[in-house]
J.: 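One structure coming up, written as C-alpha cells, with questions to follow.
Note that the structure is predicted; figures quoted are calculated from it, not measured. Any value given below was found using the heavy atoms of this structure, including those in side chains, with hydrogens, waters and symmetry copies removed.
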Amino acid sequence: MSRKAGLSRRDFLRGAAMTAIGVTVASCAQPTPQIVEKPVVQTVVVEKAIPVEKPVTVVVEKQVPVEKVVKETIVVEKQVVVEKVVERRYNEAPMLAAQVGAGKLPPVDERLPENPLVLPVIEQIGKYGGTWRRAYSGMSDRWGPTKIVEEYFWEYDPDLTIRPNVASKWELSSDASEWTIYLRRGMKWSDGEPFDTDDIAFFRDAVWKNKTLTPAPESDELFSIDGKPMEIEILDKWAFKLKFAKPYAMLGIRTWIWNYPEHYMKQYHPDYVSKEALDKEVKAAGVETWDQMWNHFCSSKKYGWWVNPDLPVIWPWKTTVPPPAEVIEMERNPYFWQVDAQGNQLPYIDRVTHRLFNDYSVLQMWVMNGEIDCQMRHMYFDYTTMKENEQRGDYRVLLWKQGSTLALNPNPTCPDKVLGELFGNVDFRHAMSVAIDREELNEMFGKGQYVPRQACPVKGSPQYDPSWTYKWIEYDPAKANELLDGLGLKWDAAHKFRLRPDGQPLRVTIESQSINVMHEMIARWFNDVGIDVALSQVERSLYEEHGQSGAIEIGTWSMDAALLPMMAPNNWLGFSLEMPWAGLWGLWKMTGGTQGQEPPANHPIREIWQAWDDTKASRSLKEATEKFKKIMDIHRDNIFNIGIMGEGPVMLIAKNNFRNVVGGYVQDDPTRDEHLLKDAQFFFSG
C-alpha cells in the first residue's frame, strides 16, 4: 500500500415504499457537463440471422441515427463505442477556494469522484457559508450529531424510494444470493486518501474476520443468513461482491456503511503493527486493551468519528472539537462527494456546532431566543408556546409525524425471576395494557395530539394493521382485575396491593430517562389494580448499561423503526436492549450463545427468529413481505411491548433564513430524522 498513515492522534486520546431489486440501479447523472460525442458507425450486412449465445444490454447517452438500413438485425456482443470529451466545471465553497489558491488543497475537480452524487433540489439552489447551531445533551447523545452526517451505501429519498449513495450502483444475481456493489471512482476520504475496495478488504480482514472485534459473525443480524456469515470478494479497485449462503434480496432495502479507512486504522490493529507500538497507543489512550481503544476511537459502531478528529470520514462535516466540550464543532469535508444540480460541491454550510445543555427549559429558551438554527431532536416543547414565539425567535415550526409509539417494555429475563415469569405471561401484559387510560393520558400529557395505540407499525407503513393498533387499548380496570385474579395474584390483608406467587408484595420498577406526568399517571393506574410501582430515573448511558446487563424490570422506550420495520427489524426481533421485551434472550441470539440467556424451547421468540431467517432468504421483496407478516402476527397476538400513544406531532424548528427544510414527513430513526431531506444541501439564505 502506498497510502500514508495519519498519526496525529495521541493528544486527543486522553480527552414499503421499496424499489424493485434484482436489476442494476444506474448512477445519477452528472450536473450539466459539456459533452462532445463522436459516433462510431459500424454497418453489418448479413444474409441471415446469426445466433448469439449471450446477448447483452447496451446503454448509450443518446440514440445515433443510422442512414443505411441493413437487411436483417443481428445481435452482437460488441458495444457501440461513444467517445466523450467531458469538461467538468464544479464550484466550491469560498473557504475551500482560498485553500486551493494557497496550495493547501487540490482543485475541486480533482477532489470529487468521476461521478459525484447529484442531489435533487428541495426548495432551491443554495448559498455557501455559515455555521449551523444545534444542541446536544452529553456524551450519550451521540445520535443527534450522528444522524445528520452518516452516509450509507444506499439511502431513502423523502418519498421512501431507495437511491444510490456511496455506492453508485449495484447488481443482484439471478438467485438473489450475491450482491455486486460499485463504489464511486475517485471518491476520497476527508484527508484526501482514496476511498476504494482496499478499505472494504480491510474491514473484511481486520474487523469481520477478527474474533476479538467480531466474535460471532454467524449471529450478525444484517450480514449472516441461517447462521452462515457473508463472504466478501474484491473484484477490482472500485467493485466488490457480497456472497450469502441463501438468497438475500432484502439487503437492498437495508442501509449500512463500513467507515474503516485502512490507511489510518491499521496503525491501531495488532495484525498490522508491532505489539510494542500498539501497547504504547493503548497506554496513551488510558484504556487496558487494544480493542477498547479501537471500539471507542475508531469503530463506526461506537463513538469513532465524533470523539476522534483525526479519523478520516466520508461525511459532509468532520469533528474538529470533540465532546465533552461545551460546544462541539464540525467543519466541512473538502472531499465530500455530493453536488447540487448546478455542480456546486456540497455541503453549503461551512460548520456545525452542538452546544451542551443540561436542562430542557434552557434549550427551549435558546430556541425562542433564535439561538438554534435547525433541529428536530429534543424539540419536546409545547407546540402552542413554540408557535407563539416564532416571531420573537425568527424561526418557523415545521410539523412532521412520529413514526413511533411510546411503550412499556416488560423484561421477562429481569433478575427477579418471579417478576420475569409474570412479565412473560400474556394475561399479565393484557392486564397492564387495559389498566392504562390512554385517552386521559393523551389529553393531559399529549394535548390531544397523539393516537392512543399499541406499539406497532404506523399509518403509511406496509405493515400497518388496525386490528393490532387498537388491541387492548380500552381503559378497563375491571378486566385488568379479572385477569390478575385469574393469575392467582391475591390482594394483601389491607386490600392495598396484590401478592406475588411467592407471597411477596407485587412491586415493579419502571425505569426511564425522565420521570414525568405520564409515568406518574401510569403508576397510579397500576396501583389501582394492585400493582405497586416504583419509578426510577437514570441517564441514558446508564439505561443502556442496565439494558445490556438485563437489569431493567420494565423499561420505557419508544417502539420506533415502525414506518419500515423490515428495513430496521431489531426492535421486532428482540435485539434492541433499550426495549427489553426479550431481554437477555436477544443478547444470547446476537452473540451466538456466548452472552445472555437461552430462551425456553417453546417461547414465541424462537418462531420470530426462524421467521426472520426465512424472510431474509427471500428471492424477492414481495416474498419477503409475505414471510415478514408472520413476525408481525406473533407480536400482534402477544403484545410483548405495551403501547401507550404515538403518531404524534414532531416539531422541526428552523430559522426563517435556514432553507431547503420542509415539513410533512414521518420522523423515524432508520431514515435519520431531518437527514431524510439530505442536510448537506441545507443553507442560509441571507
Side-chain angles (χ1 to χ4, degrees), residues 1-9 27-28 30-31 88-119 126 128-129 132 145 148-153 155 164-168 182-200 202 237-238 257-265 298 300 304-306 308-320 329-340 342-352 675 678-682:
M1 298 299 300
S2 62
R3 299 180 176 187
K4 63 184 180 181
L7 298 172
S8 58
R9 176 171 172 273
S27 60
C28 294
Q30 295 186 24
R88 294 182 1 186
R89 294 180 178 176
Y90 295 106
N91 306 310
E92 62 190 350
M95 66 178 291
L96 298 183
Q99 294 179 46
V100 172
K104 296 180 180 180
L105 278 178
V108 62
D109 284 3
E110 297 178 17
R111 301 197 308 269
L112 287 168
E114 293 179 10
N115 55 339
L117 176 67
V118 183
L119 291 186
Y128 284 119
W132 176 6
I148 67 168
V149 297
E150 276 190 335
E151 300 284 346
Y152 300 114
F153 282 117
E155 289 195 350
N165 201 51
V166 174
S168 63
Y182 298 87
L183 302 178
R184 296 183 182 277
R185 290 178 176 267
M187 185 171 160
K188 296 176 175 64
W189 294 96
S190 55
D191 61 357
E193 290 295 311
F195 174 87
D196 55 37
T197 53
D198 287 347
D199 304 298
I200 306 301
F202 178 74
K237 205 71 170 174
W238 309 106
I257 190 66
W258 296 319
N259 192 57
Y260 293 95
E262 179 247 14
H263 67 284
Y264 176 85
M265 296 181 72
C298 295
S300 62
W305 72 274
W306 193 28
N308 184 353
D310 293 332
L311 180 65
V313 297
I314 56 173
W315 318 142
W317 300 277
K318 69 183 303 292
T319 301
T320 54
E329 297 182 11
M330 299 187 293
E331 190 173 279
R332 69 164 63 251
N333 171 7
Y335 292 90
F336 192 57
W337 39 275
Q338 297 179 9
V339 299
D340 69 16
Q342 293 183 2
N344 299 305
Q345 185 191 25
L346 299 171
Y348 293 128
I349 293 174
D350 293 334
R351 296 175 181 85
V352 182
H675 182 70
K678 311 313 167 196
D679 37 47
Q681 63 176 333
F682 294 170

J.: Ignoring hydrogens, what is the shortest heavy-atom contact between Pro94 and Tyr128? Give both atom names and the distance.
T.: CD-CB, 3.6 Å
J.: How far does CG of Asp679 sit from CD1 of Ile148, to the nearest 0.5 angstrom?
T.: 6.0 Å
J.: Using the side-chain hydrogen bond (donor to acceptor under 3.5 Å, both in side chains) definition, which of the options Arg184, Lys678, Glu151 pairs with Asn165?
T.: Glu151
J.: If every non-hydrogen atom of Trp189 is compared with every non-hydrogen atom of Phe195, which pair is closest and at what distance?
T.: CZ2-CD1, 3.2 Å
J.: Taking the six-membered ring for Trp, are the ring centroids of Phe682 and Trp132 within less than 6.0 Å of each other?
T.: yes
J.: Which atom pair, heavy atoms only, marks the closest approach of Asp350 to Gly129?
T.: OD2-CA, 3.3 Å
J.: For Arg332 and Tyr348, indicate whether the former's side chain and the latter's backbone hold a donor-acceptor pair under 3.5 Å.
T.: yes
J.: Can you measure from CD1 (Ile314) to CG (Asn333) and round to the nearest 0.5 angstrom?
T.: 9.0 Å
J.: So, do Glu92 and Val100 sit near enough that their side-chain heavy atoms are less than 4.5 Å apart?
T.: yes
J.: Side chains of Phe336 and Leu346: closer than 4.5 Å at any heavy-atom pair?
T.: yes
J.: Mind checking the CD-NZ spacing from Glu110 to Lys188? Nearest 0.5 Å is all I need.
T.: 8.0 Å
J.: Which atoms form the tightest heavy-atom contact between Met265 and Cys298, and what is the distance?
T.: CE-CB, 3.3 Å
J.: Knowing that exactly one of Gln345, Met187, Gln338 qualifies, which makes a side-chain contact (heavy atoms from CB on, under 4.5 Å) with Leu112?
T.: Gln345
J.: Is there a side-chain contact between His263 and Pro312, using heavy atoms and a 4.5 Å cut-off?
T.: yes
J.: Is it the case that the side chains of Glu262 and Tyr264 hold a donor-acceptor pair, with the cut-off being a distance below 3.5 Å and no angle test?
T.: no
J.: Is there side-chain contact between Val108 and Leu96, with heavy atoms separated by less than 4.5 Å?
T.: no
J.: Nearest 0.5 Å, please: how far is CD in Glu114 from OG in Ser168?
T.: 10.0 Å
J.: For the residue pair Tyr90 and Pro116, what are the closest heavy atoms and their distance?
T.: OH-CG, 3.5 Å
J.: When you check the gap from the basic side-chain N to the acidic O, do Asp196 and Arg185 get nearer than 4.0 Å?
T.: no
J.: Could you check whether any side-chain N or O of Thr320 sits under 3.5 Å from a backbone N or O of Glu331, counting only pairs where one atom can act as donor and the other as acceptor?
T.: no
J.: Tell me, do Trp337 and Leu117 make a side-chain contact under 4.5 Å, heavy atoms counted?
T.: yes
J.: With rounding to the nearest 0.5 Å, note down the distance linking OH in Tyr260 to CG in Asp199.
T.: 12.0 Å
J.: With salt bridge (Lys or Arg N to Asp or Glu O under 4.0 Å) as the test, would you mind laying out the steps for Asp109 and Arg89 before giving the verdict?
T.: CA-CA 7 Å; Asp109 284 3; Arg89 294 180 178 176; over 6 Å; no
J.: So, the side chain of Lys318 versus the backbone of Pro316: is there a donor-acceptor pair under 3.5 Å, distance only?
T.: no
J.: For a quick test of reading the model, state the closest non-hydrogen atom pair linking Trp317 to Met330 and the distance between them.
T.: CB-CB, 3.9 Å
